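Below: the structure, in structure tokens.
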Amino acid sequence: MQKSECHRGVQLRNRETDNCDQRTSSSAQIKHRTTVQQRKSSSSTSSPESARKLHPRPSDKLNPKTINPFGEQSRAPSAFAAIYSKGGVPCRLVHGSVKHRLQWECPPEKLPFDPLLITLAEGLRETKHPYTFVSKEGFRELLLVTGALEKAVPLLPRLIPVLKEALVHLDDEVFERGLNALVQLSVVVGPALNDHLKHLLTSGSLIIIKSKIPTYCSIYC
């Protein structure tokens, strides 16, 4: 009897020891998980993005990221870009290893200037490639064809307002392209341009043009 009671006592103590070890192990695992979660939460809240989420700025309510009316994707393509993408400009840019060039679908001298010359002039206000090169080079090459004088003069009343918009543009490169186009046009049409200068050089446009001329001359003169 004494041996059996002693044996039962040993078994009870062993069970208690196992239960204690299991509780200790479980407690250690819980503490480890809690520590890991606290570290993750502290690292996430310390980031600038999470800080903005916890403490949003007043401007976030006025300018939510999900609505950006001035974003690049929300802007409609310009008139020139839309015409060019639809094949309305009968030339394409050919990328060369040294310089680019235009490839015309037919000889430029066979193309009507109306409305192609005006479309190319509108493209001078573009600020993205390839529209910038196509409009600038296309305008120049079209004015070099035989009979350009007779074709360009009737378009001056519609052409001058378009060139004026390029000359008063805030972008200096657009202004440069507009000025070069005006010089090229004056070489072709000569005195026929004089009657239209009053529409081109208004008081407002003169102020903008004069402010840009020193920068242009310091670079190219």
Side-chain angles (χ1 to χ4, degrees), residues 63 68-86 88-104 108 113 115-145 148 152-153 155-221:
N63 303 294
N68 186 6
F70 302 104
E72 198 64 33
Q73 296 180 352
S74 64
R75 292 180 182 176
S78 64
F80 181 82
I83 293 173
Y84 181 80
S85 63
K86 294 178 181 179
V89 180
C91 63
R92 285 295 177 268
L93 173 64
V94 177
H95 292 86
S97 56
V98 178
K99 61 183 299 185
H100 304 323
R101 64 181 181 86
L102 290 183
Q103 181 177 353
W104 295 88
F113 275 32
L116 182 56
L117 189 65
I118 298 174
T119 300
L120 291 169
E122 291 175 345
L124 297 173
R125 301 196 306 273
E126 294 289 336
T127 57
K128 289 185 177 181
H129 184 78
Y131 311 128
T132 53
F133 181 85
V134 171
S135 60
K136 175 187 68 175
E137 188 64 16
F139 189 90
R140 185 188 71 84
E141 292 185 11
L142 205 59
L143 288 177
L144 293 177
V145 304
V153 168
L155 299 178
L156 288 178
R158 295 157 57 194
L159 197 57
I160 293 303
V162 177
L163 292 178
K164 178 182 176 181
E165 291 184 16
L167 290 172
V168 299
H169 201 280
L170 296 178
D171 192 297
D172 290 341
E173 293 184 357
V174 173
F175 166 77
E176 176 192 336
R177 289 192 291 270
L179 186 60
N180 288 335
L182 180 61
V183 172
Q184 295 159 5
L185 181 65
S186 65
V187 171
V188 173
V189 302
L193 187 62
N194 294 342
D195 294 337
H196 302 276
L197 290 178
K198 60 183 178 181
H199 303 291
L200 181 66
L201 303 176
T202 60
S203 58
S205 63
L206 275 175
I207 295 174
I208 299 176
I209 293 172
K210 285 180 179 180
S211 67
K212 291 179 178 290
I213 285 292
T215 303
Y216 178 84
C217 291
S218 64
I219 299 174
Y220 298 97
C221 297

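Quick note: numbers below take in every heavy atom, side chains included, and nothing from hydrogens, waters or symmetry partners. Just so it is clear, the model here is predicted, and its values are computed rather than measured.
- Looking only at distances, no side-chain donor or acceptor of Arg125 sits under 3.5 Å from a matching main-chain atom of Phe80.
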Stepwise side chain to side chain contact (heavy atoms under 4.5 Å, CB included) check, Leu167 with Leu179: CA-CA 6 Å; Leu167 290 172; Leu179 186 60; 4.0 Å; yes
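- With values rounded to the nearest 0.5 angstrom, Ile118 atom CD1 is found 9.5 Å from Leu156 atom CG.
- Nearest heavy-atom pair across Ser135 and Gly123 is OG-O, 3.0 Å.
- Counting only residues at least two apart or in different chains, salt bridge (charged side-chain N to carboxylate O under 4.0 Å, His left out) contacts with residues 133-142 comprise Glu137-Arg140.
- Arg158 contributes atom CZ, which lies 10.0 Å from atom CG of Leu117 (distance to the nearest 0.5 angstrom).
- Across all their heavy atoms, Glu126 and Thr132 have their closest contact at O-CG2, 3.3 Å.
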Steps toward side chain to side chain contact (heavy atoms under 4.5 Å, CB included) verdict (Arg177, His169): CA-CA 10 Å; Arg177 289 192 291 270; His169 201 280; over 6 Å; no
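- In plain terms, the two heavy atoms of Phe139 and Gln184 that are nearest each other are CD2-OE1, 3.7 Å.
- For the residue pair Leu142 and Pro108, the shortest heavy atom distance occurs at CD1-O, 4.0 Å.
- With rounding to the nearest 0.5 Å, the separation of CG in Leu159 from NZ in Lys164 is 14.0 Å.
- Side-chain contact between Leu124 and Asn180 is absent, with no heavy-atom pair separated by less than 4.5 Å.
- Here CG of Leu185 is found 9.5 Å from NE2 of His196. Values are rounded to the nearest 0.5 Å.
- The nearest pair of heavy atoms linking Leu93 to Tyr84 is N-OH, 3.8 Å.
- Rounding to the nearest 0.5 Å gives a distance of 5.5 Å between CG of Leu143 and CZ of Phe113.
- Taking SG from Cys91 and CG from Leu116, the interatomic distance works out to 7.5 Å, rounded to the nearest 0.5 Å.
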